[in-house]
Undergrad: 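Structure provided below as structure tokens; questions to follow.
Predicted model, so just to flag it, every value in this text is computed and none were measured.
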Amino acid sequence: MLANLRIPGPTACPPDVLDSLSGQMINHRGPEFAALIERVTDRLRPFLATDNDILILTCSGSGVMEAAIVNTLSPSDKVLSISIGAFGDRFGQIAETYGAEVTGFSVEWGQAADPAAIAAAVAEGDYDAVLLTHNETSTGVTNPLEALCAAIHVADAKPLILVDAVSSAGCIPVEPDAWGIDVLVTGSQKGWQVPPGLSFAVVGPRAWDAYENSTMPRFYFDFGKAREMLAKGQTPYTPAVSILYGLDVALERMALEGPEATFARHHRIAERCRRGLEALGLALFADRGVVSDTVTAVKVPDGVAGADLSRLLNQKYDTVIAGGQAALAGKVFRIGHLGWVEDAHIDDAVEAVGSALAELGYAIPART
Ligand SMILES: *Cc1c(COP(=O)(O)O)cnc(C)c1O
């Protein structure tokens, strides 16, 4: 039996996507590849709600986050890094690594960033760029991205807005053009129903202006080269061809379902997951008002060791959950519900969590 893989990425892929991965290689400088990359780029567009450039890179989410930084910024640029968890911290660290002057704005884990507080922070600093996480996978929180972007746009300095939407895009609505996001990045293995290996960057006009003046070192992750080659139906370097086969099939499925229905499915299933866990007497880690529709973080109940829960679920219940990251190790467990996810996947996972917890001595409250 295949395990119920309920981590927030890499996520399980539909059978027809898996089948497509074993297709024979093609010439990545030939007409078949040009048709393929054009088709998938077109089909990404409605899910990313953009008329701007969509670049497809071969790397994981962290790679495309690095690309967003090195293509738009210069060393000693002033950057406000708004972090609500482990991935927000990572974004700031990348900018710092390349010599940006990073000011951290950390929000208590489990909460979202407050637009008014962000407006005030941006007004104070004369920043060149603001880094934001749309959906913080480590805490199960979705930031109010539209309101945060609006708050940032009020500032005189008009900083660039770079957004990590790795675990939200494709599942939760995100509108880079309408919300004024200059670079938005996401990764294939989260919400896109395909394995790890590809990432996507939506690059807007202000980001291209910044690219012209940016002096951070870059070679592999050069957006300009990617745009130039895309116009010829190619990528600068050999892409993950097999993952593109998978993406082609996944996006065909997603096009049939449509963006609105896909987003609605994620919301409905997330709510089903949250209710199911709460019915077990468990507490969500995130504030109820900002909970994520792609990943649920749950407090490990007193008297239970998070590692024991994960092990028992894996060994006895064929259910694979994620533990807590960084400071949350052992304190929370996380269930992913993004990409290819149906009600039964979540009902099974919640039931397994209940059984495993009972076996570990946790008293499930009686239903009232
Ligand atoms: C998964 C993830 C990333 C990138 O992780 P990779 O392992 O490099 O793909 C970045 N940000 C968020 C919010 C994520 O969930």
Undergrad: Within the side chain of Arg265, is there an N or O that forms a donor-acceptor pair under 3.5 Å with the backbone of Val341?
TA: yes
Undergrad: Side chains of Val298 and Val332: does their closest heavy-atom pair fall under 4.5 Å?
TA: no
Undergrad: Could you list all the ring pair (Phe, Tyr, Trp, His ring centres under 6.0 Å) pairs where at least one residue sits in residues 322-351, not counting sequence neighbours?
TA: Trp340-His345
Undergrad: What's the verdict on salt bridge (Lys or Arg N to Asp or Glu O under 4.0 Å) for Lys78 and Asp128, showing C-alpha distance, side-chain angles and the deciding distance?
TA: CA-CA 5 Å; Lys78 292 182 72 179; Asp128 298 293; over 6 Å; no
Undergrad: Which atoms form the tightest heavy-atom contact between Val350 and Cys273, and what is the distance?
TA: CG2-O, 4.2 Å
Undergrad: For a 4.5 angstrom cut-off between non-hydrogen side-chain atoms, does Ile54 reach Arg45?
TA: yes
Undergrad: Would Leu73 and Leu55 show up in the same hydrophobic cluster when neighbours are defined by side-chain heavy atoms closer than 4.5 Å?
TA: yes
Undergrad: Do Asp19 and Leu21 come close enough that some side-chain heavy atom pair is under 4.5 Å?
TA: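 SC-SC contact between Asp19 and Leu21 ruled out.
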Undergrad: Can you give each donor-acceptor pair under 3.5 Å made by side-chain atoms of residues 279-286, sequence neighbours left out, with the distance rounded to 0.1 Å?
TA:
none

Undergrad: Between Trp208 and Asp53, do the side chains contain a donor N or O and an acceptor N or O under 3.5 Å apart?
TA: yes
Undergrad: What heavy-atom pair brings Pro176 and Leu48 nearest, and what distance separates the two atoms?
TA: CD-O, 3.1 Å
Undergrad: Hydrophobic side-chain clustering at under 4.5 Å (ILVMFWY, transitive links): who's grouped with Val154? Put none if nobody.
TA: none
Undergrad: Taking distance alone, no hydrogens or angles, what donor-acceptor pairs closer than 3.5 Å link side-chain atoms of residues 219-236 to residues at least two apart or in another chain?
TA:
| unit_1 | atom_1 | unit_2 | atom_2 | d |
| --- | --- | --- | --- | --- |
| Tyr220 | OH | Thr58 | O | 3.0 |
| Asp222 | OD1 | Tyr211 | OH | 2.5 |
| Asp222 | OD1 | Gly224 | N | 2.8 |
| Asp222 | OD1 | Lys225 | N | 3.2 |
| Lys225 | NZ | Phe219 | O | 3.2 |
| Lys225 | NZ | Tyr237 | OH | 2.9 |
| Gln234 | OE1 | Arg29 | NE | 3.4 |
| Gln234 | OE1 | Arg29 | NH1 | 2.9 |
| Thr235 | OG1 | Tyr237 | O | 2.7 |

Undergrad: Walk me through it: do Ile321 and Thr319 pass the test side-chain contact (heavy atoms from CB on, under 4.5 Å)?
TA: CA-CA 6 Å; Ile321 60 167; Thr319 300; 4.3 Å; yes
Undergrad: Between Val102 and Leu131, is any pair of side-chain heavy atoms under 4.5 Å apart?
TA: no
Undergrad: Please report the shortest heavy-atom distance between Ile152 and Pro159, naming the atom on each side.
TA: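 In terms of heavy atoms, the two residues are closest at CG2-CG, 3.7 Å.
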Undergrad: Output yes when a side-chain donor or acceptor of Ser74 lies under 3.5 Å from a complementary backbone atom of Thr215, and no otherwise.
TA: yes
Undergrad: Take Asp209 and Arg206, measure what salt bridge (Lys or Arg N to Asp or Glu O under 4.0 Å) needs, and give me the verdict at the end.
TA: CA-CA 5 Å; Asp209 290 345; Arg206 293 200 327 142; over 6 Å; no
Undergrad: Does one side chain, of Tyr98 or Glu66, offer a donor that lies under 3.5 Å from an acceptor on the other?
TA: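 A donor-acceptor contact under 3.5 Å links the two side chains.
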Undergrad: Scan residues 282-294 for pairs that pass side-chain hydrogen bond (donor to acceptor under 3.5 Å, both in side chains), counting only residues two or more places apart or in two chains.
TA: Asn135-Ser292, Asn135-Thr294, His267-Asp293, Glu271-Arg288, Arg274-Asp293, Glu278-Arg288, Ser292-Thr294
Undergrad: So, using salt bridge (charged side-chain N to carboxylate O under 4.0 Å, His left out) as the criterion, who are the partners of Lys316 when residues are at least two apart?
TA: Glu359
Undergrad: Quick one: closest heavy-atom pair of Leu18 and Cys13, and the distance?
TA: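 Minimum heavy-atom contact is CD2-CB, 3.7 Å.
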Undergrad: Find out whether Phe87 and Val166 are in side-chain contact, i.e. whether some heavy atom of one side chain is under 4.5 Å from a heavy atom of the other.
TA: no
Undergrad: Tell me whether Phe263 shares a hydrophobic cluster with Leu184, the cluster being built from Ile, Leu, Val, Met, Phe, Trp, Tyr side chains joined at under 4.5 Å.
TA: yes
Undergrad: If only atom types and distance count, is the side chain of Lys158 paired as donor or acceptor with the main-chain N or O of His153 below 3.5 Å?
TA: yes
Undergrad: Could you list the residues that satisfy side chain to side chain contact (heavy atoms under 4.5 Å, CB included) with Ser242, not counting sequence neighbours?
TA: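 Checked Ser242 against side chain to side chain contact (heavy atoms under 4.5 Å, CB included); matches are Met25.
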Undergrad: Are the side chain of Asn71 and the backbone N or O of Ala67 linked by a donor-acceptor pair below 3.5 Å?
TA: yes
Undergrad: When you measure from the side chain of Ser20 to the backbone N and O of Val17, does any donor-acceptor pair fall under 3.5 Å?
TA: yes
Undergrad: Does the side chain of Asp164 reach to within under 4.5 Å of the side chain of Leu132, using non-hydrogen atoms?
TA: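 In short, these two side chains do not touch, never coming nearer than 4.5 Å.
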Undergrad: Sequence neighbours left out, what passes side chain to side chain donor-acceptor pair (under 3.5 Å) with Thr97? Give chain and number order.
TA: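 Listed in chain order: nothing, the list is empty.
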Undergrad: Identify, with sequence neighbours excluded, every residue that meets ring-ring contact (aromatic ring centres under 6.0 Å, His included) alongside Tyr127.
TA: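 With neighbours one apart ignored, the set is empty.
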Undergrad: Looking at every heavy atom in both Leu44 and Ile56, which two are closest together, and how far apart are they?
TA: CD1-CD1, 4.1 Å
Undergrad: Should Met216 and Ile69 be marked as a side-chain contact (heavy atoms from CB on, under 4.5 Å) after you check the CA-CA gap, both sets of side-chain angles, and the distance that decides it?
TA: CA-CA 8 Å; Met216 278 189 183; Ile69 303 270; 3.7 Å; yes
Undergrad: Looking only at non-hydrogen atoms, find the nearest pair between Asp126 and Ala157 and report the distance.
TA: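 Answer, listing the atom of Asp126 first, then Ala157: OD1-CB, 3.5 Å.
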Undergrad: Partners of Glu146 by side chain to side chain contact (heavy atoms under 4.5 Å, CB included), sequence neighbours excluded?
TA: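 Expected list: Trp179.
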Undergrad: Is the closest side-chain donor-acceptor distance between Thr50 and Asp177 under 3.5 Å?
TA: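 Checked: Thr50/Asp177 side chains pair up, N/O donor to acceptor below 3.5 Å.
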Undergrad: Counting only N and O atoms by type, is there a donor-acceptor contact under 3.5 Å from the side chain of Glu136 to the main-chain atoms of Gly88?
TA: yes
Undergrad: Looking at Pro195, is its backbone amide N or carbonyl O close enough to the side chain of Ser188 to form a donor-acceptor pair, meaning the two atoms are under 3.5 Å apart?
TA: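 Yes, because the side chain of Ser188 sits within donor-acceptor range (under 3.5 Å) of the backbone of Pro195.
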Undergrad: Are there more than 12 heavy atoms of other residues, nucleotides or ligands under 6.0 Å from atom CG of Asn27?
TA: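 Yes, CG of Asn27 has more than 12 neighbouring heavy atoms, counting only those of other groups under 6.0 Å.
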Undergrad: Any pair with a residue in residues 109-123 that passes side-chain hydrogen bond (donor to acceptor under 3.5 Å, both in side chains), sequence neighbours left out, goes on the list, sorted by first then second residue, please.
TA: none
Undergrad: Between the main-chain N or O of Val320 and the side-chain N or O of Arg6, is there a donor-acceptor pair closer than 3.5 Å?
TA: no
Undergrad: Quickly, which of Ser83, Ser106, Ser138 forms a side-chain hydrogen bond (donor to acceptor under 3.5 Å, both in side chains) with Asp89? Name it, please.
TA: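 The option that passes is Ser83.
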Undergrad: Identify, with sequence neighbours excluded, every residue that meets salt bridge (charged side-chain N to carboxylate O under 4.0 Å, His left out) alongside Arg90.
TA: none
Undergrad: Assess whether salt bridge (Lys or Arg N to Asp or Glu O under 4.0 Å) is satisfied between Arg268 and Asp343, documenting all intermediate values.
TA: CA-CA 9 Å; Arg268 178 174 52 75; Asp343 289 359; 2.6 Å; yes
Undergrad: May I have the step-by-step check of side-chain contact (heavy atoms from CB on, under 4.5 Å) for His134 and Thr142, ending in yes or no?
TA: CA-CA 6 Å; His134 185 197; Thr142 302; 3.9 Å; yes
Undergrad: So does Gly258 get a backbone contact from the side chain of Thr262, meaning a donor-acceptor N/O pair under 3.5 Å?
TA: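 Yes; at least one donor-acceptor contact below 3.5 Å.
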Undergrad: Check the pair Asp248 / Arg43 against salt bridge (Lys or Arg N to Asp or Glu O under 4.0 Å), numbers first and verdict last.
TA: CA-CA 8 Å; Asp248 198 19; Arg43 281 188 172 151; 3.7 Å; yes
Undergrad: Indicate yes or no for a side-chain donor-acceptor contact from Arg334 to the backbone of Thr137 under 3.5 Å, with no hydrogens or angles considered.
TA: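 Flag set: sc Arg334 to bb Thr137 pair under 3.5 Å.
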